[in-house]
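A short worksheet on the structure shown next.
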Amino acid sequence: MNIDKGNLLYRGKAKDVYQTSNPNQVLVKFRDDITAGDGEKKEVMGLKGYYNSIISAKFFQLLEEVGVKTQYIDLPEPGYMLCHKLDMIPLEVITRNLAAGSLLRRFPFQDGQTFHPPIIQMDYKNDEYHDPMLNDDIILALGLATADDLEEIRQITLKINRTLKTFLEDRGLIFPDFKIEYGRDVDGNIVLGDEISPDTCRFWDRETCDVLDKDLFRKGESGVIEAYQKVANIILDDEDKKKWKLDF
Ligand SMILES: Nc1ncnc2c1ncn2[C@@H]1O[C@H](COP(=O)(O)OP(=O)(O)OP(=O)(O)O)[C@@H](O)[C@H]1O
Ligand SMILES: [Mg+2]
């Protein structure tokens with residue numbers, strides 16, 4: 001890799017963020033650590049970082065093509081993503097097309113109930129407070145974003161949902177929900193950061209109803225890495241597969 005990995009800026013639960021010689025760029029290492037339940041359940045899963053990085057890169061490129069500003073610059077090698085350095089906004093922006101997961105535990109929705117329009121939920125990304133759900137007034141009072149920022153985040157998020165949902169449905173995948181994070185670049189633009197992967201999305205096979213995401217790990221089921229590999233196989237085109245030497 002012809003990118004000089006500088007000092008470690010931040011080590012999260014699943015990724016490391018390194019400085020580079022360019023102060024406006026960071027190198028994100030996607031690690032093989034997999035966690036669930038506020039980090040209580042923890043394991044190392046070989047090749048997870050590899051798959052998550054190529055899956056995220058594919059989604060970021062797809063979103064750039066429809067005019068969404070993303071952190072993505074390059075994938076110098078699988079596992080490492082060169083990104084625009086962002087000042088992260090501590091919001092977990094969750095979009096729900098279908099009722100699943102924590103929404104069913106917290107509210108009397110029907111399992112599999114569909115949402116038109118989709119639900120956008122914002123949680124406070126703060127482990128100490130266990131990522132509580134926010135509303136606009138709390139976000140404004142905490143000074144996390146302005147009303148204009150929130151409206152912009154909402155519009156970009158709906159566009160991301162439309163783009164990814166159509167792309168995935170065309171390939172036989174149901175897209176129940178996903179979580180994204182935004183940050184501000186040097187010019188103050190709101191930019192999509194972090195990752196879009198089976199760690200942060202739900203993907204279900206429409207034909208077999210197989211779960212192809214981190215829910216397998218949450219439930220202690222087998223075939224986690226095979227599911228991530230399957231998502232990569234479904235979304236990458238032949239050129240990508242050749243480039244990343246994927247031999248399916
Ligand atoms: N482009 C970017 N520039 C700077 N930081 C970023 C960028 N994209 C993501 N991040 C931050 O880098 C970290 C990624 O690591 P990871 O996902 O492992 O962390 P996490 O465990 O989810 O979060 P945390 O430890 O912050 O609670 C997150 O804090 C994320 O907000
Ligand atoms: Mg994270």
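When a ligand or atom number is given, it counts from 1 through the structure's own listing order.
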Discussion item. Is it the case that the side chains of Glu64 and Tyr72 hold a donor-acceptor pair, with the cut-off being a distance below 3.5 Å and no angle test?
Written reply: no

Worksheet entry | Ring centers of Phe109, Phe115 separated by less than 6.0 Å | yes

Discussion item. Just to confirm my output: which protein heavy-atom neighbour is closest to atom 31 (O) of ligand 1, and how far is it?
Written reply: Glu181 OE1, 2.8 Å

Worksheet entry | Region of Asp127 that comes within reach of ligand 1 [heavy atoms, distance under 4.0 Å] | side chain

Item to complete: Could you tell me whether some N/O pair between Ala14 and ligand 1 is separated by less than 3.5 angstrom?
Response: yes

Worksheet item: Any Lys/Arg nitrogen of Glu226 or Lys230 sitting under 4.0 Å from an Asp/Glu carboxylate oxygen of the other?
Response: no

Worksheet item: How close does the nearest protein non-hydrogen atom get to atom 21 (O) of ligand 1, and which residue and atom is it?
Response: Lys13 N, 2.8 Å

Discussion item. Any carboxylate oxygen within less than 4.0 angstrom of a Lys/Arg side-chain nitrogen, looking at Arg202 and Asp177?
Written reply: yes

Worksheet, complete the sentence: Among non-hydrogen protein atoms, atom 17 (O) of ligand 1 lies closest to Lys15 NZ, 2.6 Å

Discussion item. Using a strict threshold of under 4.0 Å (side-chain N to carboxylate O), is an ion pair present between Arg154 and Asp136?
Written reply: yes

Practice prompt. Would you check if there is a donor-acceptor pair between the side chains of Gln61 and Glu65 at a distance under 3.5 Å?
Written response: no

Practice prompt. Can you spot which of Asp33, Thr35, Asp127 makes a side-chain hydrogen bond (donor to acceptor under 3.5 Å, both in side chains) with Lys13?
Written response: Asp127

Worksheet item: Among all protein non-hydrogen atoms, which one is nearest to atom 11 (C) of ligand 1, and what is the separation to 0.1 Å?
Response: Met88 CG, 4.0 Å

Fill in: Heavy atom of Lys125, distance to ligand 1 below 4.0 Å
yes

Discussion item. Could you check whether Asp131 and Asn126, counting side-chain N and O atoms only, form a donor-acceptor pair closer than 3.5 Å?
Written reply: no

Discussion item. Quick test: of every protein heavy atom, which one is nearest to atom 4 (C) of ligand 1, and how far off is it to 0.1 Å?
Written reply: Leu86 O, 3.3 Å

Worksheet item: Which residue supplies the protein heavy atom nearest to atom 25 (O) of ligand 1, what is that atom called, and how far is it?
Response: Tyr10 OH, 2.5 Å

Worksheet item: For ligand 1, which part of Arg11 has a heavy atom less than 4.0 Å away: the side chain, the backbone, both, or neither?
Response: neither

Worksheet item: What protein heavy atom sits nearest atom 12 (O) of ligand 1, and how far away is it?
Response: Val17 CG2, 3.4 Å

Worksheet item: Counting only heavy atoms not in Lys41, do more than 12 fall under 6.0 Å of its NZ?
Response: yes

Worksheet item: Which part of Gln71 is near ligand 1, with near meaning a heavy atom under 4.0 Å away: side chain, backbone, both or neither?
Response: side chain

Item to complete: Distance to 0.1 Å, residue and atom name: give those for the protein heavy atom nearest to atom 19 (O) of ligand 1.
Response: Gly12 CA, 3.4 Å

